[in-house]
Colleague: 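Following this message is one structure expressed as structure tokens.
Position 1 is the first residue of the sequence, and the numbers go up from there.
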Amino acid sequence: PEKSGAARVSDESSAGAPKTTRGARALPDATKDAPFVNTLGMQFVPVPIVGGPTAGQRVLFSVWDTRVQDYDVFAKETKREWPEEDVAQDATHPAVNVSWEDAQAFCAWLTEREWKAGRLGAQGVYRLPSDHEWSCAAGIGEPEDAAKLPNQKSQKLANVFPWGSAWPPPRNAGNYAGEELQPALTAGKFSNYIKSVMAGYNDGFETTSPVGSFAPNRFGLYDVGGNVWQWCEDWFDASQRERVLRGASWGSFNRDDLLSSNRYHYAPSRRIIRYGFRCVVGESAR
């Protein structure tokens, strides 16, 4: 099976990891109340993984989507192309216009950076979460079958949303396509891919919002629903043409799209202003 960019770096470069990390614990200590903070100021907390190939292993999830300020360091150091977004953002908003391939490159770059800083053991890597790990972070890991492909599980858990079972979403449930977006749609902006808004819902943000603007889930993770779609490691189905995205975005208005079990999918090379990503820290599979 294909390896992530971070795993490939581990295969090729772990021999060059600094001696200060050899023999060190692969993953840093962290709890919900005392997150691990990396060299970019990203914060990570543990999420229990049940089922799948990483069941019982220690996996630390970033509490936020990767921010503009995080991705900007990578883009400048590596001179990677990063098209300007068509939305107003500052440093604390989630990075958008980022493809799956871009996210993989970021994770590989960050792994090397953290090795050199002595912040990870030689087996520790930054990577994208698997689709099943993302489900565990969303609190639906147990009822889903980790052995099934993402397309086989999409939208299968009825009436399970990041905020509970109520519909429409309660106030401040997350950053979705609320009535605040309607003036832009009326003016023709975003109307090629956002067709409507949720009547009666208003989150206060026309497009993306600063990470941490809404309440975290029980694991301490923000924006598990809304703000930006988040790339995951997996292929969506057996055709292996498109990668999985989870969580919905600021442009999501359809009830089924907001289900915790919903999967979206797109070509891994595409950059779109509704797509971002969330990193995890795990152990290399090598």
Side-chain angles (χ1 to χ4, degrees), residues 40 42 62 64-76 78-107 128-129 134 162 169 173-198 201-214 221-233 236 241-254 256-258 262-279:
L40 295 180
M42 301 167 69
S62 173
W64 303 302
D65 298 312
T66 301
R67 301 165 296 183
V68 168
Q69 68 189 53
D70 309 319
Y71 196 80
D72 187 56
V73 178
F74 159 72
K76 287 178 178 176
T78 63
K79 297 180 171 56
R80 194 173 186 90
E81 180 187 14
W82 187 20
E84 290 187 13
E85 66 280 349
D86 191 27
V87 294
Q89 291 193 300
D90 64 28
T92 62
H93 285 237
V96 297
N97 272 347
V98 175
S99 70
W100 182 90
E101 293 169 351
D102 293 331
Q104 292 286 347
F106 174 88
C107 289
L128 293 180
W134 198 99
N175 184 359
Y176 301 106
E179 291 181 335
E180 70 285 336
L181 185 55
Q182 188 59 60
L185 296 184
T186 301
K189 196 172 184 180
F190 314 127
S191 57
N192 58 325
Y193 50 84
I194 303 174
K195 304 303 180 184
S196 186
V197 300
M198 290 187 288
Y201 186 74
N202 191 314
D203 56 57
F205 297 96
E206 181 183 88
T207 57
T208 59
S209 54
V211 297
S213 294
F214 300 90
L221 307 180
Y222 296 87
D223 295 326
V224 175
N227 216 359
V228 291
W229 287 100
Q230 300 162 38
W231 289 108
C232 291
E233 179 65 30
F236 177 66
R241 288 194 294 265
E242 297 180 322
R243 296 288 184 175
V244 172
L245 296 118
R246 301 290 299 272
S249 79
W250 58 268
S252 299
F253 59 89
N254 184 284
D256 288 345
D257 284 348
L258 273 59
N262 182 50
R263 275 83 169 169
Y264 202 53
H265 49 99
Y266 228 85
S269 61
R270 287 297 303 274
R271 297 174 174 135
I272 294 177
I273 61 173
R274 292 165 293 148
Y275 295 0
F277 68 103
R278 182 189 303 265
C279 294

Colleague: Taking the side chain from Trp250 and the backbone from Val228, do they hold a donor-acceptor pair closer than 3.5 Å?
Modeller: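 Side chain of Trp250 to backbone of Val228, a donor-acceptor pair under 3.5 Å: no, none is there.
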
Colleague: Without swapping roles, check the side chain of Trp231 against the backbone of Gln104 for a donor-acceptor pair under 3.5 Å.
Modeller: no

Colleague: Contact between Gln69 and Thr92 at the side-chain level, heavy atoms closer than 4.5 Å - yes or no?
Modeller: yes

Colleague: So which heavy atom on Gly174 is nearest to which on Asp203, and how close?
Modeller: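 Scanning both residues completely, I find the closest heavy atoms to be O-CB, 3.5 Å.
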
Colleague: Looking at Ala177 and Ser196, what are the two nearest heavy atoms and their distance?
Modeller: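 Between these two residues, the closest heavy atoms are CB-O, 4.1 Å.
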
Colleague: With heavy-atom distances below 4.5 Å as the criterion, would you say the side chains of Phe190 and Leu185 are in contact?
Modeller: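 Side chain of Phe190 against side chain of Leu185, heavy atoms only: contact under 4.5 Å found.
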
Colleague: How close do Gly212 and Asp223 get, counting heavy atoms only, and between which atoms?
Modeller: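 Looking at all heavy atoms of both residues, the shortest contact is N-OD2, 4.1 Å.
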
Colleague: Nearest 0.5 Å, please: how far is CG in Asp65 from CE in Met42?
Modeller: 9.5 Å

Colleague: Output the distance between atom CD (Gln230) and atom SG (Cys279), rounded to the nearest 0.5 Å.
Modeller: 10.5 Å

Colleague: So Trp82 and Arg271, side-chain contact (heavy atoms from CB on, under 4.5 Å) or not? Walk me through it.
Modeller: CA-CA 9 Å; Trp82 187 20; Arg271 297 174 174 135; 5.8 Å; no

Colleague: Mind checking whether His265 and Val244 have side chains closer than 4.5 Å, heavy atoms only?
Modeller: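 Not in contact.
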
Colleague: In the structure I gave you, are the side-chain heavy atoms of Leu258 and Pro169 within less than 4.5 Å of one another anywhere?
Modeller: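 They are in contact (side-chain heavy atoms under 4.5 Å apart), so the answer is yes.
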
Colleague: Using 0.5 Å steps for rounding, measure from the NE2 atom of His93 to the OG1 atom of Thr207.
Modeller: 7.0 Å

Colleague: Check for a donor-acceptor pair, side chain of Lys195 on one end and backbone N or O of Ser191 on the other, with a separation under 3.5 Å.
Modeller: yes

Colleague: Under 3.5 Å, is there a donor-acceptor pair between the side chain of Tyr176 and the main chain of Tyr201?
Modeller: no

Colleague: Between Ser99 and Asp102 (side chain of the first, backbone of the second, donor and acceptor by atom type, cut-off under 3.5 Å), is there such a pair?
Modeller: yes

Colleague: With Trp64 as reference, evaluate Val211, Asp70, Leu221 under the side-chain contact (heavy atoms from CB on, under 4.5 Å) test and give the passing residue.
Modeller: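 Going through Val211, Asp70, Leu221 one by one, the side-chain contact (heavy atoms from CB on, under 4.5 Å) with Trp64 is satisfied by Val211 alone.
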
Colleague: Using side-chain heavy atoms (C-beta onward) and a distance below 4.5 Å, is Trp229 in contact with Tyr266?
Modeller: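 No. Closest side-chain heavy atoms not under 4.5 Å.
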
Colleague: Can you check whether Ile273's main-chain N or O pairs, donor with acceptor, with Asn97's side chain at less than 3.5 Å?
Modeller: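 Judged by distance alone, yes, a pair lies under 3.5 Å.
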
Colleague: Could you give the distance from CZ (Phe236) to CZ (Arg241), rounded to the nearest 0.5 Å?
Modeller: 11.5 Å

Colleague: Distance from Arg274 atom CZ to Ile194 atom CD1, nearest 0.5 Å?
Modeller: 6.0 Å

Colleague: Just how far is it from atom CZ of Arg67 to atom CD of Gln89, taken to the nearest 0.5 Å?
Modeller: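 One gets 13.0 Å once the value is rounded to the nearest 0.5 Å.
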
Colleague: Thr66 side chain to Phe277 main-chain N or O, any donor-acceptor pair under 3.5 Å?
Modeller: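 It does hold such a pair.
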
Colleague: Give the minimum heavy-atom separation between Cys232 and Arg246, together with the two atoms involved.
Modeller: SG-CG, 3.6 Å

Colleague: Do Trp134 and Arg263 have side chains that get closer than 4.5 Å, going by heavy atoms?
Modeller: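 They are not in contact (no side-chain heavy atoms under 4.5 Å apart), so the answer is no.
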
Colleague: Do you know which of Ser209, Ser249, Pro210 makes side-chain contact (heavy atoms from CB on, under 4.5 Å) with Asn227?
Modeller: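 Exactly one option meets the side-chain contact (heavy atoms from CB on, under 4.5 Å) with Asn227, and it is Ser209.
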
Colleague: Does a donor on one side chain and an acceptor on the other come within less than 3.5 Å for Asp257 and Ser252?
Modeller: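 The answer is no; no qualifying pair exists.
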
Colleague: Hey, does the side chain of Glu180 reach the backbone of Gly178 with a donor-acceptor pair shorter than 3.5 angstrom?
Modeller: yes

Colleague: For Glu233 and Trp100: C-alpha separation, side-chain torsions, deciding distance, then whether side-chain contact (heavy atoms from CB on, under 4.5 Å) applies.
Modeller: CA-CA 8 Å; Glu233 179 65 30; Trp100 182 90; 3.8 Å; yes

